[in-house]
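On a predicted model such as this, the values are computed, not experimentally measured, just so you know. The chain is numbered in sequence order, starting from 1.
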Amino acid sequence: MDLGILLHALTPSLDSVAILVTFFTYLAIFGSILPGKVVQGVVLRDGTRLHYRCNGLLSLLLLVGLLGVGAWMNFISSTVISDRGLELLSTTFIFSVLVTLVLYAAGSRSHNQGSSLKAHVTGNLIHDWWFGIQLNPQFLGIDLKFFFVRAGMMGWLLINLSILAKSALDGPLCLSVILYQTFSALYILDYFVYEEYMTSTWDIIAERSGFMLVFGDLVWIPFTFSIQGWWLLHNKVEITTAAVIANCIVFLIGYLVFRGANKQKHVFKKNPKELIWGKPPRVIGGKLLASGYWGMARHCNYLGDLLLALSFSLPCGISSFCSSPIPYFYPIYLLILLIWRERRDEARCAEKYREVWAEYCRLVPWRILPYFY
């Protein structure tokens with residue numbers, strides 16, 4: 001693409017700002033008023049707990065329904081997002097920068113000593129802006145960390161659906177498009193079905209709300225996880241029946257490991273005596289689960305996530321990797337990210353649990369992939 005055309009496509013417009021503002025306003029209003037299970041977060045260091053209204057699935061289905069009716073009645077275009085992809089990307093990026101600067105300024109002035117809002121200031125502006133200084137900042141009673149990750153996952157699906165609509169206008173959908181769209185939609189819907197499990201993840205309980213997390217939620221998730229959809233929009237890929245079956249197997253195994261591991265961890269934190277695979281759980285030092293998937297590898301949920309990411313790229317074809325690694329950017333990036341995160345998590349757990357963690361590592365020597373890593 002010509003540089004001038006690219007820069008023009010990346011320039012935010014009033015329309016892209018209006019789309020983003022409307023999206024966030026919808027999530028803020030309906031996320032607060034729609035019915036949903038209220039879930040307690042983990043116990044924080046000061047003994048308090050946050051509460052999360054897990055109505056993401058209802059919010060998402062209502063939003064998709066409203067957009068579908070609007071497109072059917074010609075109030076909006078079903079391809080408006082895919083038509084304005086680059087300018088929405090730049091608009092969301094600018095919003096991420098601005099909101100994290102506000103979070104930094106507001107957090108720096110906070111004198112709250114609670115675990116959620118206590119300011120962790122190192123004095124290094126870039127470090128504090130990047131990693132954040134408050135664990136769970138809020139705005140008008142909305143937990144921003146939970147809000148932003150919900151927005152990112154919904155945004156990913158909305159981008160995919162708009163790309164799908166654009167693909168349908170170009171002719172019959174090929175099998176590779178159907179596979180990618182089906183796998184990613186199932187993954188996103190599954191996230192919202194089990195949204196309460198998010199409340200016990202590393203991002204929610206440990207990461208502070210800085211640019212790294214906000215950018216990751218609002219920009220990285222929707223705009224890079226949908227790369228395969230964009231690729232298939234412009235590249236027709238025909239895959240064999242054997243490739244389809246293999247792709248489905250990779251997705252199924254990845255899903256079983258990912259969802260199973262996260263479910264076991266979440267259930268264990270709520271009830272340490274709950275049976276795992278029909279047996280009483282093995283617990284190290286009364287704190288660490290060493291049964292089920294967590295007896296196979298210390299971060300086996302990462303293995304499931306990696307297999308799922310690979311299943312999103314396989315519809316683009318193995319041969320495409322030789323000509324361009326773009327369709328495989330997501331699993332490659334995720335592999336690097338999860339290894340880095342696993343190392344950070346290991347260091348944190350070693351400091352927190354000490355000899356209990358050492359015992360767990362002795363019993364479960366594998367980090368992510370049993371008998372390999």
Side-chain angles (χ1 to χ4, degrees), residues 1-31 59 63 67 76-77 79-110 121 124-140 142-163 166 188 203 207-227 229-230 233 326 329-330 333 337:
M1 183 183 293
D2 180 79
L3 181 59
I5 298 177
L6 177 62
L7 291 176
H8 181 269
L10 281 168
T11 303
S13 67
L14 290 178
D15 288 339
S16 61
V17 172
I19 291 172
L20 200 62
V21 170
T22 302
F23 177 52
F24 287 145
T25 302
Y26 169 87
L27 288 185
I29 294 175
F30 286 89
S59 299
L63 176 59
L67 292 175
I76 58 174
S77 169
T79 63
V80 63
I81 296 176
S82 53
D83 291 338
R84 298 179 176 275
L86 289 177
E87 66 180 67
L88 282 170
L89 168 63
S90 61
T91 303
T92 310
F93 174 78
I94 293 171
F95 174 81
S96 299
V97 173
L98 293 177
V99 76
T100 48
L101 288 174
V102 172
L103 288 176
Y104 172 82
S108 299
R109 298 173 183 174
S110 174
V121 182
N124 184 321
L125 174 62
I126 300 300
H127 178 278
D128 292 340
W129 169 72
W130 181 269
F131 289 104
I133 59 178
Q134 289 182 308
L135 183 64
N136 297 104
Q138 298 185 359
F139 178 71
L140 299 178
I142 298 173
D143 183 272
L144 292 179
K145 187 187 292 184
F146 197 66
F147 177 85
F148 287 147
V149 70
R150 175 182 284 186
M153 294 298 291
M154 288 190 187
W156 178 14
L157 181 61
L158 295 180
I159 290 173
N160 278 350
L161 291 177
S162 187
I163 292 173
K166 198 175 185 68
I188 295 166
D203 284 353
E207 295 280 20
R208 294 190 291 275
S209 296
F211 179 78
M212 181 181 71
L213 205 61
V214 175
F215 172 83
D217 289 339
L218 296 182
V219 180
W220 199 259
I221 288 177
F223 291 99
T224 63
F225 290 13
S226 58
I227 282 178
W230 293 105
L233 178 63
I326 290 176
F329 174 80
Y330 176 26
Y333 144 76
L337 172 71

| field | Leu14 atom CG, neighbour heavy-atom count above 12 within 6.0 Å | value | no
| Minimum side-chain heavy-atom gap Leu161-Leu157 below 4.5 Å | yes
| query | Just by distance, do the side chain of Ser162 and the backbone of Ser82 share a donor-acceptor pair under 3.5 Å? | reply | yes
| message | Please report the interatomic distance CE(Met154) to OG(Ser59), rounded to the nearest 0.5 Å. | response | 5.0 Å
| message | Quick check for you: to the nearest 0.5 Å, what is the distance between Thr22 atom OG1 and Leu27 atom CG? | response | 11.0 Å
| field | Contacts of type side-chain hydrogen bond (donor to acceptor under 3.5 Å, both in side chains), residue Tyr26, not counting sequence neighbours | value | none
| With Ser77, which residues qualify under side-chain hydrogen bond (donor to acceptor under 3.5 Å, both in side chains), at least two apart? | Thr79
| remark: The reported gap from CZ in Phe215 to CZ in Phe223 (rounded to nearest 0.5 angstrom) is 10.0 Å
| query | Side chains of Thr100 and Met212: closer than 4.5 Å at any heavy-atom pair? | reply | no
| With sequence neighbours excluded, what pairs up with Phe329 under the ring pair (Phe, Tyr, Trp, His ring centres under 6.0 Å) test? | Trp220
| message | With heavy-atom distances below 4.5 Å as the criterion, would you say the side chains of Leu103 and Leu144 are in contact? | response | yes
| field | Heavy-atom side-chain proximity of Met153 to Trp156 below 4.5 angstrom | value | yes
| request: Quick one: list whatever passes side-chain hydrogen bond (donor to acceptor under 3.5 Å, both in side chains) with Asp128, sequence neighbours left out. | output: Thr122
| message | Are the side chains of Leu67 and Leu158 in contact, using a 4.5 Å heavy-atom criterion? | response | yes
| For residues 12-25, which residue pairs qualify under salt bridge (Lys or Arg N to Asp or Glu O under 4.0 Å), counting only residues two or more places apart or in two chains? | Asp15-Arg84
| said: Please find the pair of heavy atoms, one from Ser16 and one from Glu87, that lie closest to each other, and give the distance. | reply: CB-OE2, 3.3 Å
| said: Any heavy-atom pair between the side chains of Ile326 and Trp230 that's under 4.5 Å? | reply: no
| Gap separating the OG atom of Ser209 from the CD1 atom of Ile133, nearest 0.5 angstrom | 10.5 Å
| remark: Smallest heavy-atom separation, Ile163 atom then Gly229 atom, equals CG2-O, 3.5 Å
| request: Quick one: sort the Phe148 and Phe24 rings into parallel, tilted or perpendicular, breaks at 30° and 60°. | output: perpendicular
| Is any side-chain heavy atom of Thr224 less than 4.5 Å from a side-chain heavy atom of Tyr330? | no
| said: Closer than 4.0 angstrom, basic N to acidic O: yes or no for Lys145 and Asp217? | reply: no
| said: Which heavy atom of Gly152 sits nearest to which heavy atom of Pro222, and what is that distance? | reply: O-CB, 3.7 Å
| task | Nearest 0.5 Å please: distance from the CG atom of Leu101 over to the CG atom of Leu125. | result | 8.5 Å
| field | Beyond-backbone contact of Tyr333 with Phe225, side-chain heavy atoms, under 4.5 angstrom | value | yes
| Inter- and intrachain pairs under salt bridge (Lys or Arg N to Asp or Glu O under 4.0 Å), touching residues 91-102, at least two apart | none
| request: Kindly check if the number of other-residue, nucleotide or ligand heavy atoms within 6.0 Å of CZ (Phe93) is above 12? | output: no
| task | Measure the spacing between CZ of Arg208 and CG of Asn136 and express it to the nearest 0.5 Å. | result | 11.5 Å
